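Have a look at the structure below before the remarks.
Note that the structure is a prediction, hence the values are computed from the model and not measured.
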Amino acid sequence: ASNTEIIFAIGAGDRLVGRDDYSDYPDDAVDVKSIGSLYPHVNAEVVIALEPNLVLAAGITNPEDVAALAELGLTVYTTSAASTLDEIYADILAIGTLVGENSGAQVVAKDMKARVQAVEELTQNVSVRPSVFYEIDATDPYKPWTSGPGSFIDLLITTAGGANVGASSAEAYWQISVEELVHQDPQIIILGSSKYSGQTPEMVSERAGWSQIAAVTAGNVHAFDDDLVSRPGPRLVEGLEALARIIHPEMFE
């Protein structure tokens with residue numbers, strides 16, 4: 001999904017001949033033929049039938065699938081398993097070089113850097129960093145998944161001037177108990193779980209034990225598009241800006 005978004009952002013969307021099911025942005029991407037899911041394995045036969053000159057794999061793509069495609073004679077480039085914004089800028093520029101859109105890639109990377117810097121200048125010296133709980137998945141609402149150190153969500157919350165309660169674990173992604181969440185008592189709750197599992201602020205307030213959390217008491221619970229912070233591509237800067245507006249609305253008045 002992230003590579004598809006990069007391709008369209010740098011101006012090469014018209015050359016995309018295939019995508020996976022999760023590559024649903026921008027709207028024009030949906031019109032491109034899908035090879036289905038990447039899990040448990042990439043459908044090599046469908047990829048070959050598309051006759052691509054270049055196959056872009058993501059850092060999270062199964063290495064066995066990448067090797068299998070290369071052995072079939074396809075040219076495959078794997079972007080990094082990015083954990084920093086600088087690595088994303090590098091991926092964008094590399095893809096730009098590969099598809100002959102250097103100038104478009106440079107424009108995208110430059111714009112991202114400028115927008116990130118603008119947020120950093122607003123938040124780097126904030127006197128108060130509100131505590132933030134970011135909910136990724138609430139299949140079990142009494143032990144929801146959240147993000148810890150090493151995740152983009154943690155990086156973006158910190159850059160946006162917040163304090164991520166998920167950083168209390170050493171795990172990049174982990175399940176936090178309601179008891180621990182009540183103990184952490186976050187001032188802000190952000191529902192990355194809203195887009196794909198339909199969680200709403202109203203549903204959160206009805207969860208047993210959650211009503212005593214500061215964010216719920218204050219009505220500071222927000223639905224959020226998780227794609228903006230979970231896909232390592234151009235829209236991460238939109239996610240950063242959206243988080244900053246939630247965490248420090250006073251700076252955007």
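- Transitive grouping of hydrophobic side chains (ILVMFWY, heavy atoms separated by less than 4.5 Å) brings Val42 and Leu50 into a common cluster.
- Salt-bridge check for Glu5 with Arg19: failed, with every basic side-chain N at 4.0 Å or more from each acidic carboxylate O.
- Residues Phe224 and Val229 have side chains in contact (heavy-atom distance under 4.5 Å, counting atoms from C-beta outward).
- Other residues, nucleotides and ligands contribute only 12 or fewer heavy atoms inside 6.0 Å of the CG atom of Asp27.
- Scanning for salt bridge (Lys or Arg N to Asp or Glu O under 4.0 Å) contacts around Asp65 gives an empty result, with sequence neighbours left out.
- Between Thr200 and Ser194, the closest side-chain pair of non-hydrogen atoms is not below 4.5 Å.
- Surrounding CD of Glu121 are more than 12 heavy atoms belonging to other residues, nucleotides or ligands, all under 6.0 Å away.
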Exercise for the section: Evaluate side chain to side chain contact (heavy atoms under 4.5 Å, CB included) for Thr158 paired with Arg129, printing each intermediate quantity in order. Expected result: CA-CA 9 Å; Thr158 302; Arg129 286 182 170 269; 4.2 Å; yes
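- Salt-bridge check for Arg207 with Glu135: passed, with a basic side-chain N closer than 4.0 Å to an acidic carboxylate O.
- Note that the CG atom of Leu236 and the CD1 atom of Ile88 stand 4.5 Å from one another [nearest 0.5 Å].
- Shortest non-hydrogen contact noted between Ser151 and Ala172 is CB-O, 3.9 Å.
- At least one side-chain heavy atom of Phe133 sits under 4.5 Å from a side-chain heavy atom of Pro144.
- In terms of modelled atom types and a separation under 3.5 Å, the side chain of His248 and the main chain of Thr123 share no donor-acceptor contact.
- For the pair Val55/Tyr77, no side-chain contact is recorded, criterion being any heavy-atom separation below 4.5 Å from C-beta on.
- For the pair Asn62/His41, a side-chain contact is recorded, criterion being any heavy-atom separation below 4.5 Å from C-beta on.
- Between Ile153 and Asp226 there is a side-chain heavy-atom pair separated by less than 4.5 Å.
- Annotation for Ile246 and Pro249: closest pair O-CD, 3.4 Å, computed over non-hydrogen atoms.
- By the salt bridge (Lys or Arg N to Asp or Glu O under 4.0 Å) test, Asp24 pairs with Arg231, sequence neighbours left out.
- Of the possible donor and acceptor atoms, one in the side chain of Thr217 sits under 3.5 Å from a partner among the backbone N and O of Ile213.
- Looking only at distances, a side-chain donor or acceptor of Arg15 sits under 3.5 Å from a matching main-chain atom of Val99.
- Taking a 6.0 Å sphere around CD1 of Ile60, one finds it holds 12 or fewer heavy atoms contributed by other residues, nucleotides or ligands.
- The two residues Val178 and Pro141 come nearest to each other via the heavy atoms CG2-O, 4.2 Å.
- Counting only heavy atoms from C-beta outward, the side chains of Leu85 and Leu155 approach each other to under 4.5 Å.
- Note on Val119: it clusters hydrophobically with Ile190, by side-chain heavy-atom contacts below 4.5 Å among ILVMFWY residues.
- Atom OG1 of Thr78 and atom CG of Asn3 lie 9.0 Å apart (nearest 0.5 Å).
- No more than 12 heavy atoms of other residues, nucleotides or ligands lie within 6.0 Å of CD in Glu45, so this atom counts as exposed by the packing criterion.
- Rounding to the nearest 0.5 Å gives a distance of 9.5 Å between NE2 of His222 and CD1 of Ile189.
- Note on Val46: it clusters hydrophobically with Leu69, by side-chain heavy-atom contacts below 4.5 Å among ILVMFWY residues.
- With rounding to the nearest 0.5 Å, the separation of CZ in Arg235 from OG in Ser2 is 11.0 Å.
- In this structure a side-chain-to-backbone donor-acceptor pair under 3.5 Å is missing from Gln117 to Lys113.
- Distance alone, capped at 3.5 Å, is enough to place a donor-acceptor pair between the Asn164 side chain and the Ser147 backbone.
- In terms of modelled atom types and a separation under 3.5 Å, the side chain of Asp91 and the main chain of Thr79 share no donor-acceptor contact.
- Looking at Asn53 and Thr75, their side chains never come closer than 4.5 Å, going by heavy atoms from C-beta outward.
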Exercise for the section: For the pair Val221 and Glu202, evaluate side chain to side chain contact (heavy atoms under 4.5 Å, CB included) and give the outcome as yes or no after the intermediate values. Expected result: CA-CA 9 Å; Val221 182; Glu202 292 74 23; over 6 Å; no
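- Not one N or O on the side chain of Gln199 forms a donor-acceptor pair closer than 3.5 Å with the backbone of Ser193.
- Annotation: Tyr142, atom OH; neighbour count of heavy atoms from other residues, nucleotides and ligands within 6.0 Å is above 12.
- A distance-only check finds a donor-acceptor pair linking the side chain of Gln187 to the backbone of Ser131 [under 3.5 Å].
- Under the side chain to side chain donor-acceptor pair (under 3.5 Å) test applied with Arg115, the options Glu238, Glu241, Glu120 reduce to a single match, Glu241.
- Ile157 and Leu191 fall into different hydrophobic clusters, defined by Ile, Leu, Val, Met, Phe, Trp and Tyr side-chain heavy atoms under 4.5 Å apart, directly or through other members.
- Looking only at distances, no side-chain donor or acceptor of Thr146 sits under 3.5 Å from a matching main-chain atom of Gly166.
- Both Ile136 and Leu156 are part of a single hydrophobic cluster, where members link through side-chain heavy atoms under 4.5 Å apart.
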Exercise for the section: Take Asp137 and Tyr173, measure what side-chain hydrogen bond (donor to acceptor under 3.5 Å, both in side chains) needs, and give me the verdict at the end. Expected result: CA-CA 11 Å; Asp137 181 88; Tyr173 299 96; over 6 Å; no
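- Side-chain N/O atoms of Asp20 and Ser23 include a donor and acceptor closer than 3.5 Å.
- Nearest heavy atoms, Ala105 versus Gly96: CB-CA, 3.8 Å.
- Across all their heavy atoms, Ala70 and Val76 have their closest contact at N-CG2, 4.0 Å.
- A donor-acceptor pair shorter than 3.5 Å cannot be found between the side chains of Asp154 and Tyr134.
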Exercise for the section: List the steps, then state whether side chain to side chain contact (heavy atoms under 4.5 Å, CB included) holds for Leu181 with Trp210. Expected result: CA-CA 9 Å; Leu181 197 55; Trp210 287 62; 3.3 Å; yes
Problem - Worked verdict on Ser37 versus Asp21 for side-chain hydrogen bond (donor to acceptor under 3.5 Å, both in side chains) - result: CA-CA 6 Å; Ser37 174; Asp21 281 348; 5.8 Å; no
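- Atom-to-atom distance recorded for Leu56:CG and Thr4:OG1 is 8.5 Å, nearest 0.5 angstrom.
- Residue Asp140 qualifies as enclosed at atom CG: its count of foreign heavy atoms under 6.0 Å is above 12.
- With a 6.0 Å radius and a threshold of 12 heavy atoms from other residues, nucleotides or ligands, Glu64 has its CD atom at or below the threshold.
- Here the CD atom belonging to Glu180 is positioned 11.5 Å from the NZ atom belonging to Lys143, to the nearest 0.5 angstrom.
- Using a cut-off of 4.0 Å between Lys/Arg side-chain N and Asp/Glu carboxylate O, Asp225 and Lys195 are scored as salt-bridged.
- In terms of heavy atoms, Gly161 sits closest to Pro130 at O-CD, 3.5 Å.
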